[in-house]
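This report refers to the structure that appears directly beneath it.
Not measured: the values here are computed from a predicted model.
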Amino acid sequence: MATQRVLPQSKETLLQNYNKRLKDDIRSILDNFTEIIKTAKIEDETQVSRPTQAEQDHYEMHVRAANIVRAGESLMKLVSDLKQFLILNDFPSVNDAISLQNQQLRSLQEECDKKLTSLRDEIAVDLYELEEEYYSSRKF
């Protein structure tokens, strides 16, 4: 069942958008993390004083950390959007689940019908025997 389904253009565009968002967010996380690591290196020769450079590096790290958090939140939103897309647009699996449930319920219905038919036949035989006994005992 590895058949590829053809998606309408809007769904295809939406999936491409999801893919682009994923790549952009991961690239943002990686780039910001790399820059934080680079900023953590201590440089010997700088044109600004060491405390000023430390404050600037501290501020840059905070900004880059905030960018990483923003990209992580965007990835979590992307996961939510993908789940919603799958739930709303995965009609074949929903149809398969409905068909399976219908099949199970039909087999249960047939089983109940057989048991009821068997019970009806047994009651009919017992009722016939009881009527026969009743009417034969009234003749005396």
### Task
Could you pull out all residues at least two apart from D81 that satisfy side chain to side chain donor-acceptor pair (under 3.5 Å)?
R21, K77
### Message
Ignoring hydrogens and geometry beyond distance, is a side-chain donor-acceptor pair present between S10 and T13 at under 3.5 Å?
### Response
no
## Note on the structure
Here the gap from Q109 atom CD to L116 atom CG, rounded to the nearest 0.5 Å, amounts to 10.5 Å
### Query
Between CD of Q84 and OG of S80, what distance do you get to the nearest 0.5 Å?
6.5 Å
### Query
How far does CG of L100 sit from CG of L105, to the nearest 0.5 angstrom?
9.5 Å
### Task
Give the C-alpha distance, both sets of side-chain angles, the deciding distance and a yes or no for side-chain contact (heavy atoms from CB on, under 4.5 Å) between L82 and L78.
CA-CA 6 Å; L82 285 170; L78 177 63; 4.2 Å; yes
### Query
Would you say L86 and L14 are hydrophobically clustered, going by side-chain heavy atoms of ILVMFWY under 4.5 Å?
no
### Message
If you define the side chain from C-beta out and look only at heavy atoms, does anything of E35 sit under 4.5 Å from K38?
### Response
yes
## Note on the structure
Sorted by chain and residue number, the side-chain contact (heavy atoms from CB on, under 4.5 Å) partners of E131 (sequence neighbours excluded) come out as L127, Y135
### Message
Please report the interatomic distance CG(D25) to CG(L30), rounded to the nearest 0.5 Å.
### Response
12.5 Å
### Task
Taking side-chain contact (heavy atoms from CB on, under 4.5 Å) as the test, write out the residues that go with E111, two or more places apart.
K115
### Query
Rounded to the nearest 0.5 Å, what separation is found between the CG atom of L22 and the OH atom of Y18?
12.5 Å
### Message
For the residue pair T39 / D57, report whether a side-chain donor-acceptor contact shorter than 3.5 Å exists.
### Response
no
### Message
For K114, give me all partners under side chain to side chain donor-acceptor pair (under 3.5 Å), at least two apart in sequence or on another chain.
### Response
none
### Task
Would you kindly say whether Y59 and E55 are connected by a side-chain donor-acceptor distance under 3.5 Å?
no
Tabulate below the donor-acceptor pairs under 3.5 Å that side-chain atoms of residues 64-73 make, not counting sequence neighbours, or state none.
unit_1: R64; atom_1: NE; unit_2: E60; atom_2: OE2; d: 3.2
unit_1: R64; atom_1: NH1; unit_2: N32; atom_2: OD1; d: 3.0
unit_1: R70; atom_1: NH2; unit_2: S28; atom_2: OG; d: 3.4

### Task
Output all residues satisfying salt bridge (Lys or Arg N to Asp or Glu O under 4.0 Å) with E122, sequence neighbours left out; order by chain, then residue number.
none
### Query
If you group Ile, Leu, Val, Met, Phe, Trp and Tyr by side-chain heavy-atom gaps below 4.5 Å, do L15 and I26 land in one group?
yes
### Task
Output the distance between atom OG (S99) and atom CZ (R106), rounded to the nearest 0.5 Å.
10.0 Å
